[in-house]
Amino acid sequence: MEKLNLNLSAPWVIYQHKVKALFERDPDITVGDIYEPDGGEVAYAFDIEVRNHEKFLALDKLLPSVKEFGNVAVGIVIFDEENSLTGGNNDIELYRTLFQGNPIVKDIIEACDHAGTRHGFVCFQPEVIRFFADDTSSYDGCMSVLGQDIAREIFCGSAGIHFCTAGLDG
């Protein structure tokens with residue numbers, strides 16, 4: 001019988017894996033590993049390097065700078081590797097900017113409901129994203145989720161913005 005090679009990861013490590021999985025196919029965004037920063041503001045942190053100023057502005061507004069896991073604070077440090085001057089001015093435009101060129105997103109749609117309220121839908125590709133997360137129900141320890149599930153967890157939450165999976169048809 002084979003022995004499973006699983007360790008137990010802290011929730012903040014799994015959170016970082018989710019952020020990394022969401023952007024790993026985007027050539028403009030690189031998510032670094034968890035580290036223990038100097039100073040006492042947060043226990044752990046990870047860096048995100050963004051090589052597109054507009055995406056930097058969007059990510060800076062949409063992601064929290066600190067994520068709490070009980071009594072453990074994790075800092076999210078976003079670096080602007082480019083220096084342009086413009087950014088989106090509403091949340092749906094921020095998501096358009098952020099996910100531009102990232103093949104994980106199929107479409108971003110604006111629509112009005114029956115009451116005339118505007119909604120934005122970030123539609124992820126209908127594919128499973130896998131990353132290591134010490135999932136003991138999986139032989140290799142990987143978690144399998146949809147892009148919409150990761151986005152719902154990592155973004156601060158914008159009124160009228162919904163994360164979903166695009167249909168399989170064209």
Side-chain angles (χ1 to χ4, degrees), residues 5-37 42 44-69 72 74-84 87-88 91-109 120-158 161-168:
N5 184 18
L6 298 178
N7 299 313
L8 294 179
S9 292
W12 48 90
V13 172
I14 293 173
Y15 178 82
Q16 180 271 343
H17 287 192
K18 288 177 180 180
V19 174
K20 190 171 190 169
L22 195 62
F23 294 108
E24 72 183 346
R25 292 171 52 192
D26 189 317
D28 294 327
I29 299 175
T30 303
V31 178
D33 295 327
I34 289 274
Y35 62 90
E36 293 183 40
V42 294
Y44 301 96
F46 63 93
D47 299 336
I48 302 175
E49 297 175 5
V50 184
R51 287 170 292 286
N52 176 307
H53 185 69
E54 290 179 353
K55 285 186 180 186
F56 163 78
L57 292 173
L59 198 56
D60 190 50
K61 182 171 180 181
L62 296 170
L63 272 184
S65 60
V66 175
K67 178 76 173 170
E68 301 282 339
F69 296 89
V72 176
V74 176
I76 302 170
V77 183
I78 304 172
F79 292 101
D80 185 1
E81 303 248 334
E82 182 183 82
N83 215 359
S84 300
D91 286 349
I92 196 67
E93 289 305 316
L94 291 172
Y95 285 107
R96 275 197 179 97
T97 299
L98 179 61
F99 286 112
Q100 179 182 6
N102 187 338
I104 198 170
V105 172
K106 186 171 185 177
D107 201 2
I108 297 178
I109 302 167
F121 297 89
V122 180
C123 306
F124 289 87
Q125 293 288 357
E127 59 191 31
V128 173
I129 299 170
R130 291 180 49 80
F131 55 90
F132 186 76
D134 293 322
D135 185 348
T136 58
S137 67
S138 175
Y139 176 75
D140 60 2
C142 288
M143 180 178 281
S144 300
V145 295
L146 297 171
Q148 71 180 25
D149 299 324
I150 297 172
R152 283 185 191 135
E153 183 175 340
I154 71 167
F155 291 113
C156 297
S158 305
I161 303 294
H162 311 282
F163 302 107
C164 59
T165 298
L168 294 174

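- Between A21 and I104, the closest heavy-atom pair is O-CD1, 4.2 Å.
- Atoms CD and CG, on E127 and L168 in that order, are 11.0 Å from each other to the nearest 0.5 Å.
- Qualifying ring-ring contact (aromatic ring centres under 6.0 Å, His included) partners for F46, counting only residues two or more places apart in sequence or in other chains: none.
- Between R25 and N102, the closest side-chain pair of non-hydrogen atoms falls below 4.5 Å.
- Side-chain contact between W12 and K67 is absent, with no heavy atoms from C-beta onward closer than 4.5 Å.
- Here CG of D60 is found 11.0 Å from CG of L98. Values are rounded to the nearest 0.5 Å.
- Considering every non-hydrogen atom in both I109 and C123, the closest pair reads CD1-SG, 4.0 Å.
- The two residues I92 and G120 have their closest heavy-atom pair at CD1-CA, 3.5 Å.
- Here the closest heavy-atom approach between residue P27 and residue G101 is recorded as CD-O, 4.0 Å.
- Between the side chain of D140 and the main chain of C142, a donor-acceptor pair closer than 3.5 Å is present.
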Intermediate values then yes/no, side chain to side chain contact (heavy atoms under 4.5 Å, CB included), V31 and Q16: CA-CA 8 Å; V31 178; Q16 180 271 343; 3.9 Å; yes
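- Counting heavy atoms from C-beta outward, I48 and T30 have side chains that stay 4.5 Å or more apart.
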Begin from the C-alpha positions of I29 and E24 and carry the test side chain to side chain contact (heavy atoms under 4.5 Å, CB included) through to its verdict. CA-CA 7 Å; I29 299 175; E24 72 183 346; over 6 Å; no
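- One finds the CG atom of D135 at 10.5 Å from the OG atom of S9 (value rounded to the nearest 0.5 Å).
- Ring centroids of F69 and Y44 are separated by 6.0 Å or more, keeping the two rings apart.
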For T97 and E54: C-alpha separation, side-chain torsions, deciding distance, then whether side chain to side chain donor-acceptor pair (under 3.5 Å) applies. CA-CA 6 Å; T97 299; E54 290 179 353; 4.7 Å; no
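- Salt-bridge annotation for R51 and D28: absent, with no side-chain N of the basic residue lying under 4.0 Å from a carboxylate O of the acidic one.
- Residue pairs meeting the salt bridge (Lys or Arg N to Asp or Glu O under 4.0 Å) criterion with at least one partner in residues 7-22, sequence neighbours excluded, are K18-E153, K20-D33.
- Between Y15 and I154, the closest side-chain pair of non-hydrogen atoms falls below 4.5 Å.
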Would you please test V122 and H162 for side chain to side chain contact (heavy atoms under 4.5 Å, CB included) and show each step? CA-CA 6 Å; V122 180; H162 311 282; over 6 Å; no
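- Minimum interatomic distance between G167 and K106 (heavy atoms only, all atoms of both residues): O-NZ, 3.3 Å.
- Taking SG from C164 and CG from D149, the interatomic distance works out to 11.5 Å, rounded to the nearest 0.5 Å.
- Each of V145, I150, L146 was checked for a side chain to side chain contact (heavy atoms under 4.5 Å, CB included) with Q148, and the lone residue meeting it is L146.
- Within the 3.5 Å criterion, the main-chain N or O of F163 finds a donor-acceptor partner in the side chain of R152.
- Between F155 and Y95, the ring center distance clears the sub-6.0 Å criterion.
- Of all non-hydrogen atoms in L94 and L62, the two that sit nearest each other are CB-CD1, 4.0 Å.
- In Q100, the CD atom is not crowded: 12 or fewer heavy atoms of neighbouring residues, nucleotides or ligands sit closer than 6.0 Å.
- Aromatic rings of F23 and F99 (six-membered ring for Trp) have centroids within the 6.0 Å cut-off, being under it.
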Between I108 and F121, does a side chain to side chain contact (heavy atoms under 4.5 Å, CB included) hold up when you go through it step by step? CA-CA 6 Å; I108 297 178; F121 297 89; over 6 Å; no
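- Going from atom NE2 of H17 over to atom CD1 of I129 covers 14.5 Å, rounded to the nearest 0.5 Å.
- For the pair V42 and V66, the minimum side-chain heavy-atom distance is below 4.5 Å.
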